[in-house]
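Only one structure is covered here, and it is reproduced in the block below.
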2 protein chains.
Amino acid sequence: MSLQSLPGAVAKKEPVAEMRSAKISESAVRRLSLYLRLLQEADSLGQETISSEELADRAGTTAAQVRKDLSLFGSFGKRGLGYAVSELLQEIREILGLNRSWRVALVGAGKIGSALITYRNFRTRGFHIEAVFDTDPDKVGKRWGTQTILDDTEMGSVLAGKRIEIAVIAVPADAAQGVVDRVVASGVSAILNFAPVRLRVPKGVSLRNVDMVVEMEGLAFALTSTER
Amino acid sequence: MSLQSLPGAVAKKEPVAEMRSAKISESAVRRLSLYLRLLQEADSLGQETISSEELADRAGTTAAQVRKDLSLFGSFGKRGLGYAVSELLQEIREILGLNRSWRVALVGAGKIGSALITYRNFRTRGFHIEAVFDTDPDKVGKRWGTQTILDDTEMGSVLAGKRIEIAVIAVPADAAQGVVDRVVASGVSAILNFAPVRLRVPKGVSLRNVDMVVEMEGLAFALTSTER
DNA sequence: CTATCATTGTGAATGATTTCACAAGGTGTC
DNA sequence: GACACCTTGTGAAATCATTCACAATGATAG
């Protein structure tokens, strides 16, 4: 039986805006993103309701953790029944800011950039790559997916002109900080960094790092420390 | 003035093996990996000593955090002076298990795999990709870097034969769990997963995930929640 | 309509991580 | 050799995150 039709479910939830004052931990946000993916899978299989326990099992966490995470933003479930899949899906999309599209630029047209631009999940989640930059004259002017690679020198004006919000940095480590300074100056306020370097960003700019060497070294540590 | 020559520094440290009993948090290990990179940079510039404060500044953390992280494994510094760069470097390499090479296999010869195999930092850190697998008959047999792409069906025997320790999973989400089950059965006990899916591994197998969509959604959340 | 069952939402308890703060140890100067 | 100065290593305190446990709520069956 469907929960969407029950009047209580929507009326009860707290306004999301009010909840934003509290500080939400990065790990909680990561889990929400994961719940979202799991809910989309459940939804596409036609599942209508899900309990915190089932969601926790699929996410590899505990039912209490799921409920706590969701309670940071409101009350979305029904006691005795669980959560309406499609409704919770929509709530999390709203919480994460995914009910709109985001304007993204890619700086660095190398192998990592190439992997990103062909990654379907990106577009389907609302992240639209609207510009690609590189310094290499052999690459500039070439078509890359739906984009033509632009010269690095045009970066400032294009980012500002297209009002790009998120920059993906996929350049060599020694060039990364310079790129960051320039994209921030052009109004970008969120950065996903693939370069193996610690970047400095001004307050108000969000930064996430993806560092494969750090992950591999974490695995090496785990293997080393369990050895006997 | 160099610290290496002073007798106290080495004699004083606790044996690493003994310290391993305590549980080390994942975030502490991440920071160690970062310190290592920063120390290598300092070392290559000829810097001989570094204080916890300077290392913390470069790593974007606090001096107390640096000292606490290091104290989990021993006493490597000299009061009043700081740490000998090349010595601390070596200690961290030992802690993380990087004084040896690791046998790595790559499963999935797509764009992400391509980015990995050409990534120099990998090899220089001791991670040697010794086999590459794919299911696509058009790819099997092609040369990829120093490796020839092998057919997926050979995976089990090759992994076991080469005693591969770490597998990098770069296949589509719906194929990932099957691959994991097979690599684990072939003796692999650490996995770096790029597929956007939650994998299940038996106890004793280490797993790290790199999930670009999760990172991007984290940025979307940050942008959304700071908006007014 | 009452009893039973399932599952949420949430304070309180526990556990983990980070920060504080300072004694201890070591350098350099006069 | 005494004094002034730095910086580590580390208990204790503070903060942050997770887990527990249960009252509250709603569904369902008879």
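Labels below follow one simple rule: chain letters A, B, ... track the order of the sequence lines, proteins then strands, and each chain is numbered from 1. Atoms considered below: every heavy atom in the structure, side chains included; atoms not considered: hydrogens, waters and symmetry mates.
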Taking only distance into account, with no hydrogens and no angle test, what donor-acceptor pairs under 3.5 Å do side-chain atoms of residues 110-121 of chain A form with protein atoms, sequence neighbours excluded?
residue	atom	partner	partner atom	Å
A/Thr118	OG1	A/Ser114	O	3.2
A/Thr118	OG1	A/Ala115	O	3.2

**Asked** Quick one: what's the B/S/- string for nucleotides 12-20 of chain D, heavy-atom cutoff under 4.0 Å, read 5' to 3'?
**Response** B----SSBB
**salt bridge (charged side-chain N to carboxylate O under 4.0 Å, His left out) partners for B/Arg200, two or more places apart** = none
**Item:** B/Arg125: partners by salt bridge (charged side-chain N to carboxylate O under 4.0 Å, His left out), with sequence neighbours left out
**Value:** A/Glu217
**Request:** Could you tell me which residues satisfy side-chain hydrogen bond (donor to acceptor under 3.5 Å, both in side chains) with B/Thr62, sequence neighbours excluded, listed by chain and number?
**Result:** none
**Item:** Pairwise side chain to side chain donor-acceptor pair (under 3.5 Å) hits with a residue in residues 186-197 of chain A, at least two apart
**Value:** A/Asn193-A/Asn209
**Asked** Between atom CG in A/Leu88 and atom P in C/dT7, what is the gap in whole Å?
**Response** 16 Å
**Item:** Where protein sits on nucleotides 1-6 of chain D, one letter per nucleotide: B base, S sugar-phosphate only, - none, heavy atoms under 4.0 Å
**Value:** -----B
**Asked** What's the CD-P distance between B/Glu48 and C/dT27, to the nearest Å?
**Response** 16 Å
**Exercise: identify the closest heavy-atom pair between B/Ile191 and B/Val184** = CD1-CG2, 4.0 Å
**Request:** Quick one: list whatever passes salt bridge (charged side-chain N to carboxylate O under 4.0 Å, His left out) with A/Arg103, sequence neighbours left out.
**Result:** A/Glu165
**OP1 or OP2 of D/dG9 under 4.0 Å from side-chain N/O of B/Tyr83** = yes
**Atom pair distance, as rounded to whole Å: CZ in A/Phe73 and P in C/dT8** = 18 Å
**Request:** Please identify each residue that fulfils salt bridge (charged side-chain N to carboxylate O under 4.0 Å, His left out) with B/Glu54, with sequence neighbours left out.
**Result:** B/Arg58
